[in-house]
Amino acid sequence: MCGIVGYIHFKRKIELPEIIGMRDTLRHRGPDDEGAALFENDSIALGHRRLSFLDLSPAGRQPMCNEDETVWIILNGEIYNYVELRAELEKHHHIFKTRTDTEVVIHGYEQWGYEVVNHLKGMFAFGLLDLKRKKIFLARDRFGIKPLYYHLGSSILLFASELKAILNSREIPREIDFSSFADYFTYRYVPSPKTIWKDISKLPPACYLAVDYAERKTELKEYWKLSFADKRQNDARLAEEVGSILSKSVAIHARSEVPVGSFLSGGYDSSALIYYLTQNGFK
């Protein structure tokens, strides 16, 4: 778990203490490292709190950039298939300088543009700054495991892993959205894209928001939908297929340079999962 925050102001310069103040409201999400940087004559700022698990060296610090410093990223989450994607991107002559999964997203964006999200297997929320094309690209994983909130107004764009980071800005009014208030008491949560605050939205799962900050144009797009097919198999074949998928999934989830553990409920389903994994070589 990491914490990200980004800030664009169209009318004035951003001071570094502003982004640091917002970033450090997320200290609990990333106790291992921190980073912040200003761009475009101090009109754009990115901040990151890091929980380190791959490439524990300073090379893994964010904001992270490509070779010519035209693409920058802040990411919260994990890209589980980063090893396979890295091998594919190296075939396209991309050069890596870290062992992180984050850098795969940078080079994937260079290779595939916005379509990079369709190559990623993982849980993630990220903000990517493309200085050459004058764009900010925000994306969230398919099931919305990692949070991403944003405020998009006439003069500013603010995004962050948690609402408190956005509300830390002196330019965001704390005004309750009473329709969201009613939703909370109806559903016991506030459905996307609304939040409890007016003018602050959640980026929905499986969506990206692209902002052309030179032309002041935005694009919000759903890039994936869960699909179903009427596929019939016998029980033995189905159990074998599910077992294979589960084993592969656990194996790539466990990629890390620090000790890995799991947190399970202790119910019947968790006990069955533990038994299956221990019988198939996982400890």
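Each residue takes its place number in the sequence, starting with 1.
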**Q** Please report the interatomic distance CD(Gln62) to CG(Leu46), rounded to the nearest 0.5 Å.
**A**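 Taking CD in Gln62 and CG in Leu46, the distance rounds to 10.0 Å.
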
**Q** Could you verify whether a donor N or O on one side chain and an acceptor N or O on the other, from Thr100 and Thr98, lie under 3.5 Å apart?
**A**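 Their side chains do contain a donor-acceptor pair, which is all the 3.5 Å distance test asks for.
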
**Q** Tell me whether Tyr109 is reachable from Val211 by hopping between hydrophobic residues (I, L, V, M, F, W, Y) whose side-chain heavy atoms are closer than 4.5 Å.
**A**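 No.
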
**Q** Minimum heavy-atom separation for Leu16 and Ala36, please, with both atom names.
**A**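 Looking at all heavy atoms of both residues, the shortest contact is CD1-CB, 4.2 Å.
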
**Q** Do Leu152 and Ile44 land in one hydrophobic cluster if side-chain heavy atoms of ILVMFWY residues count as linked below 4.5 Å?
**A**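 Yes, it is one cluster - the side chains of Leu152 and Ile44 are joined through contacts under 4.5 Å.
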
**Q** Does anything in residues 103-129 pair up under salt bridge (Lys or Arg N to Asp or Glu O under 4.0 Å), and if so which pairs, sequence neighbours excluded?
**A**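 Residue pairs passing salt bridge (Lys or Arg N to Asp or Glu O under 4.0 Å), neighbours aside: none found.
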
**Q** Quick check on Phe181: does its CZ atom have over 12 non-hydrogen neighbours (other residues, nucleotides or ligands) under 6.0 Å away?
**A**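 Not buried by this count: 12 neighbours or fewer within 6.0 Å.
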
**Q** When you look at Tyr82 and Thr102, which way does the side chain to side chain contact (heavy atoms under 4.5 Å, CB included) test go after all the steps?
**A** CA-CA 8 Å; Tyr82 78 97; Thr102 301; over 6 Å; no

**Q** In Å, rounded to the nearest 0.5 Å, how long is the span from OH of Tyr150 to CG of Leu220?
**A**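 Rounded to the nearest 0.5 Å, the OH-CG separation comes to 5.0 Å.
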
**Q** If every non-hydrogen atom of Leu148 is compared with every non-hydrogen atom of Ala139, which pair is closest and at what distance?
**A**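 Heavy atoms of Leu148 and Ala139 come nearest at CD2-O, 4.0 Å.
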
**Q** Does Leu158 form a side chain to side chain contact (heavy atoms under 4.5 Å, CB included) with Met22? I'd like the steps, not just the answer.
**A** CA-CA 10 Å; Leu158 255 172; Met22 289 185 280; 3.6 Å; yes

**Q** Are there over 12 heavy-atom neighbours, none belonging to Asn234, within less than 6.0 Å of that residue's CG?
**A**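 For Asn234, atom CG is crowded (more than 12 foreign heavy atoms under 6.0 Å).
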
**Q** Apply side chain to side chain contact (heavy atoms under 4.5 Å, CB included) to residues Val104 and Ile106 and explain how you reach the verdict.
**A** CA-CA 5 Å; Val104 164; Ile106 295 175; over 6 Å; no

**Q** Going by ring-ring contact (aromatic ring centres under 6.0 Å, His included), Phe137 matches just one of Phe159, Trp112, Tyr213, Phe126. Which one?
**A**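 When ring-ring contact (aromatic ring centres under 6.0 Å, His included) is applied between Phe137 and each of Phe159, Trp112, Tyr213, Phe126, only Phe126 qualifies.
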
**Q** Mind checking the CZ-CG spacing from Phe124 to Leu75? Nearest 0.5 Å is all I need.
**A**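 So the gap between those two atoms works out to 8.0 Å.
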
**Q** So how far is it from Asn168 CG to Thr25 OG1, rounded to the nearest 0.5 Å?
**A**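 The CG atom of Asn168 sits 5.5 Å away from the OG1 atom of Thr25.
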
**Q** Relative to each other, are the rings of His92 and His94 parallel, tilted or perpendicular (30° and 60° limits)?
**A**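 The arrangement is perpendicular - the two ring planes meet at more than 60°.
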
**Q** Are any of the side-chain heavy atoms of Lys13 and Glu18 separated by less than 4.5 Å?
**A**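 SC-SC contact between Lys13 and Glu18 ruled out.
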
**Q** When you measure from the side chain of Thr186 to the backbone N and O of Ala182, does any donor-acceptor pair fall under 3.5 Å?
**A**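 Answer holds: yes.
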
**Q** Who passes ring pair (Phe, Tyr, Trp, His ring centres under 6.0 Å) against Tyr184, sequence neighbours left out?
**A**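 Per chain and number, Tyr184 pairs via ring pair (Phe, Tyr, Trp, His ring centres under 6.0 Å) with no residue.
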
**Q** Between Tyr114 and Glu219, is there a side-chain donor-acceptor contact under 3.5 Å, judged purely by atom types and distance?
**A**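 No, Tyr114 and Glu219 have no side-chain donor paired with an acceptor closer than 3.5 Å.
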
**Q** Under 3.5 Å, which donor-acceptor pairs do the side chains of residues 194-207 form with other protein atoms, sequence neighbours left out?
**A**
from	atom 1	to	atom 2	distance (Å)
Lys194	NZ	Ser179	OG	3.3
Lys194	NZ	Asp183	OD2	2.5
Thr195	OG1	Trp197	N	3.2
Thr195	OG1	Trp197	O	3.1
Thr195	OG1	Ile200	O	2.7
Lys198	NZ	Glu175	OE2	3.3
Lys202	NZ	Val190	O	2.5

**Q** Going from CD on Glu215 to NZ on Lys135, what distance comes out if it is rounded to the nearest 0.5 angstrom?
**A**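 Going from the CD atom of Glu215 to the NZ atom of Lys135 covers 9.5 Å.
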
**Q** For Leu56 and Asp32, run side chain to side chain contact (heavy atoms under 4.5 Å, CB included): C-alpha distance rounded to whole Å, both residues' side-chain angles, the deciding distance at 0.1 Å, then the answer.
**A** CA-CA 9 Å; Leu56 310 185; Asp32 298 329; over 6 Å; no

**Q** Do you reckon Val71 sits in the same ILVMFWY cluster as Ile8, going by side-chain contacts under 4.5 Å, direct or chained?
**A**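 Shared cluster, no.
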
**Q** Name all pairs fulfilling the salt bridge (Lys or Arg N to Asp or Glu O under 4.0 Å) condition that reach into residues 156-167, sequence neighbours left out, sorted by first residue then second.
**A**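 Applying salt bridge (Lys or Arg N to Asp or Glu O under 4.0 Å) to every pair that reaches into residues 156-167, excluding sequence neighbours, yields Arg29-Glu162, Glu162-Lys164.
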
**Q** Would you mind reporting whether Tyr80 and Met123 have side-chain heavy atoms less than 4.5 Å apart?
**A**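 Met123 reaches Tyr80 side chain to side chain.
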
**Q** Is Lys134 salt-bridged to Asp212, going by a charged N under 4.0 Å from an acidic O?
**A**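 No.
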
**Q** Whether the side chain of Asp33 engages the backbone of Arg50 through a donor-acceptor N/O pair (distance < 3.5 Å, no angle test) should be reported.
**A**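 Not confirmed, Asp33 side chain does not pair with Arg50 backbone.
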
**Q** Just so I know, are the side chains of Val83 and Leu85 near enough to count as touching, which here means a heavy-atom distance under 4.5 Å?
**A**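 They are not in contact (no side-chain heavy atoms under 4.5 Å apart), so the answer is no.
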
**Q** Going hydrophobic residue to hydrophobic residue with side-chain gaps under 4.5 angstrom, can you get from Met64 over to Leu131?
**A**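 In one cluster with Met64: Leu131, no.
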
**Q** Thinking salt bridges, do Arg12 and Glu171 make one under a 4.0 Å N-O criterion?
**A**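 Looking at Glu171 together with Arg12, the answer is yes, because their closest N to O distance falls below 4.0 Å.
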
**Q** Under a single-linkage definition using a 4.5 Å side-chain heavy-atom cutoff for Ile, Leu, Val, Met, Phe, Trp and Tyr, are Ile166 and Ile4 assigned to the same hydrophobic cluster?
**A**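 Cluster IDs for Ile166 and Ile4 differ.
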
**Q** If I compare all heavy atoms of Cys2 with all of Ser161, which pair ends up nearest, and what's the gap?
**A**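 It is O-OG, 4.0 Å.
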
**Q** Does a donor on one side chain sit under 3.5 Å from an acceptor on the other, for His119 and Gln111?
**A**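 Side-chain D/A pair, His119 to Gln111: absent.
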
**Q** Tell me, which pairs form a salt bridge (Lys or Arg N to Asp or Glu O under 4.0 Å) where one or both residues lie in residues 137-148, sequence neighbours left out?
**A**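 Listed by first then second residue: nothing to list.
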
**Q** In terms of side-chain heavy atoms, does Asn41 have a donor or acceptor partner in Ser43 at a distance below 3.5 Å?
**A**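 No pair is found: no donor N or O on one side chain lies under 3.5 Å from an acceptor on the other.
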
**Q** Whether the side chain of His48 engages the backbone of Arg61 through a donor-acceptor N/O pair (distance < 3.5 Å, no angle test) should be reported.
**A**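 No: the side chain of His48 does not pair with the backbone of Arg61.
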
**Q** Rounded at 0.5 Å granularity, tell me how far CG in Leu163 sits from OH in Tyr149.
**A**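 One finds 5.0 Å between CG of Leu163 and OH of Tyr149.
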
**Q** Could you tell me whether the side chain of Ser247 and the main chain of Gly243 form a donor-acceptor pair under 3.5 Å?
**A**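 Present.
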
**Q** Measure the shortest side-chain to side-chain distance between Leu51 and Pro31 over non-hydrogen atoms and say whether it is less than 4.5 angstrom.
**A**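 Contact flag for Leu51/Pro31 side chains = yes.
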
**Q** Once salt bridge (Lys or Arg N to Asp or Glu O under 4.0 Å) is applied, what residue pairs with a partner in residues 92-102 remain, sequence neighbours excluded?
**A**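 Non-adjacent pairs meeting salt bridge (Lys or Arg N to Asp or Glu O under 4.0 Å): Asp55-Arg99, Arg99-Glu257.
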
**Q** Parallel, tilted or perpendicular: which one describes the rings of Tyr223 and Tyr208, with boundaries at 30° and 60°?
**A**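 Ring orientation of Tyr223 relative to Tyr208: parallel.
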
**Q** Side chain of Asp235, backbone of Ala239: donor and acceptor closer than 3.5 Å?
**A**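 No.
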
**Q** Looking only at heavy atoms, what is the nearest atom pair of Leu38 and Ala45, with distance?
**A**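 Heavy atoms of Leu38 and Ala45 come nearest at CD2-CB, 3.5 Å.
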
